[in-house]
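Note on naming: letters A, B, ... go to the chains in the order of the sequence lines (proteins, then strands), and numbering restarts at 1 for each one.
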Number of protein chains: 2
Amino acid sequence: MQNPPSDYDAKRVAHWREVLRANGYRITPTREAVLRALSAGNYALEATEIFERARRFAPHLGLVTVYRTLDAMLSLGLVERVHCTGQCSLYVAAEEGHHHILVCRKCRRVWHFSGDDLTNLMNDVANESGFVIEDHWLQLVGLCPECRDS
Amino acid sequence: MQNPPSDYDAKRVAHWREVLRANGYRITPTREAVLRALSAGNYALEATEIFERARRFAPHLGLVTVYRTLDAMLSLGLVERVHCTGQCSLYVAAEEGHHHILVCRKCRRVWHFSGDDLTNLMNDVANESGFVIEDHWLQLVGLCPECRDS
DNA sequence: CCGTAACTGAAAATCATTTTCATTTAGCCC
DNA sequence: GGGCTAAATGAAAATGATTTTCAGTTACGG
């Protein structure tokens, strides 16, 4: 794991604050702390890791609030779930637009990419199976440059 | 959910039995019951569902044995995990060769397909990110013909 | 058929997540 | 600048899936 950053991405936090507010969510100090924890760096984090980091900004924060804030942010598309080997409850700040995730299995650094074109494949599979395909998940797992070298 | 089948795929079970035995696992009546439960139909099942079905073949079976057998089979590649919306612990009989899964979000019927060619995409992403890509994970979610019509 | 390492189920432990509930507070209205 | 009210809060309890422990049982090679 990387060293937990003690600062945060103020711009990203401001944006998230706006989106939350625009959707009827109140901005509380604890929620702000969770936003900050999630804004810093592109690493897939567990709920408890987010909790630990957010506590630096709001020491009395409860883990329940982390879960509640994550739910809100997930439903607004501000964060997304990351599936890692044997870990299906990691969270990372979402990026705009259609894209997928490449995650380092060691430090859980996340790289966003787009450019996949699965429409042909999906059409073929839909035709032969008779299914209506509604969604597709693509995720790559590997080692980031730092973890590869160590 | 489909109606739980009371029979099983004897050929598949026999094959699994061989693989388990060849890898030093013993064939017990309870394990056999789990194999049978997994062999019938291509549906992604939770551990507890496998448990219920396997109990028809071995009424005193414990849930722990289901988990232990699943672990063994996962490590031998005989079953694979299926990730569904909000569900990351479903299991389905694996198929030979490289392939991916299309799962019905309603009845959890599974369709295996291959023919994806992600090598170009993966090379591109590896180059721009500097990551070594070790694994890729692709899954489609949709509705099977029966669930689509109802 | 014997010995032993593997396997077993029940119960307890663990761990992540959700629910409950009494209290506090953000943000709107005046 | 209060005051109001629904939303949000943390602690504790509940839940649910999975793992560990353990004493007894059993598959299977010799």
Apply salt bridge (Lys or Arg N to Asp or Glu O under 4.0 Å) to [X] and list each qualifying residue two or more places apart in sequence or on a separate chain.
X	result
A:Glu128	none
B:Arg31	none
B:Glu134	A:Arg105
A:Arg26	none

Only pairs at least two apart or in different chains count here, so list each ring-ring contact (aromatic ring centres under 6.0 Å, His included) that has a residue in residues 62-85 of chain B.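 Of all non-adjacent pairs touching residues 62-85 of chain B, those that pass ring-ring contact (aromatic ring centres under 6.0 Å, His included) are A:His83-B:His83, B:His83-B:Trp137.
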If we ignore hydrogens and angles and just use 3.5 Å, is the side chain of B:Arg55 paired with the main-chain N or O of B:Leu61 as donor and acceptor?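 It does hold such a pair.
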Ignoring hydrogens and angles, tell me if any N or O in the side chain of A:Arg108 forms a donor-acceptor pair with the backbone of A:Ala44 under 3.5 Å.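 Yes; judged by distance alone, with no hydrogens or angles, the pair exists.
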Nearest whole Å is fine: how far is [N] [atom2] from [X] [atom1]?
X	N	atom1	atom2	answer
B:Leu20	D:dC28	CG	P	11 Å
B:Arg21	D:dG29	CZ	C1'	12 Å
B:Leu90	D:dA17	CG	C1'	13 Å
B:Glu49	D:dG16	CD	P	15 Å
B:Leu63	D:dT19	CG	P	10 Å
B:Leu70	C:dT8	CG	P	12 Å

Neighbours of DNA chain D within residues 23-38 of chain A, by heavy-atom distance under 4.0 Å: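 Under 4.0 Å from DNA chain D: A:Tyr25, A:Arg26, A:Thr28, A:Thr30, A:Arg31.
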Among Ile, Leu, Val, Met, Phe, Trp and Tyr joined by side-chain contacts under 4.5 Å, find the other residues sharing a cluster with A:Leu90 and list them by chain and number.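 In the cluster with A:Leu90 are A:Val82, A:Val92, A:Ile101, A:Val103, A:Val110, A:Val141.
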Of the residues in residues 71-82 of chain B, which ones touch DNA chain C at a heavy-atom distance under 4.0 Å?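 The stretch gives none, as no residue of it lies under 4.0 Å from the strand.
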Please enumerate all residues that pass ring pair (Phe, Tyr, Trp, His ring centres under 6.0 Å) together with A:His99, with sequence neighbours excluded.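 Counting only residues at least two positions away or on another chain, A:His99 forms a ring pair (Phe, Tyr, Trp, His ring centres under 6.0 Å) with A:His112.
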Sub-3.5 Å pairs of nitrogen or oxygen atoms, protein against nucleotides 11-15 of chain D:
none

Qualifying salt bridge (Lys or Arg N to Asp or Glu O under 4.0 Å) pairs, either residue in residues 65-84 of chain A, two or more places apart: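 Not a single pair qualifies under salt bridge (Lys or Arg N to Asp or Glu O under 4.0 Å).
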Whichever of B:Ser89 and A:Val66 has its nearest DNA chain D nucleotide further upstream toward 5':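 The residue whose closest nucleotide sits nearer the 5' end is A:Val66.
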Name all pairs fulfilling the side chain to side chain donor-acceptor pair (under 3.5 Å) condition that reach into residues 14-24 of chain A, sequence neighbours left out, sorted by first residue then second.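 Qualifying pairs, neighbours excluded: A:Arg17-A:Glu32.
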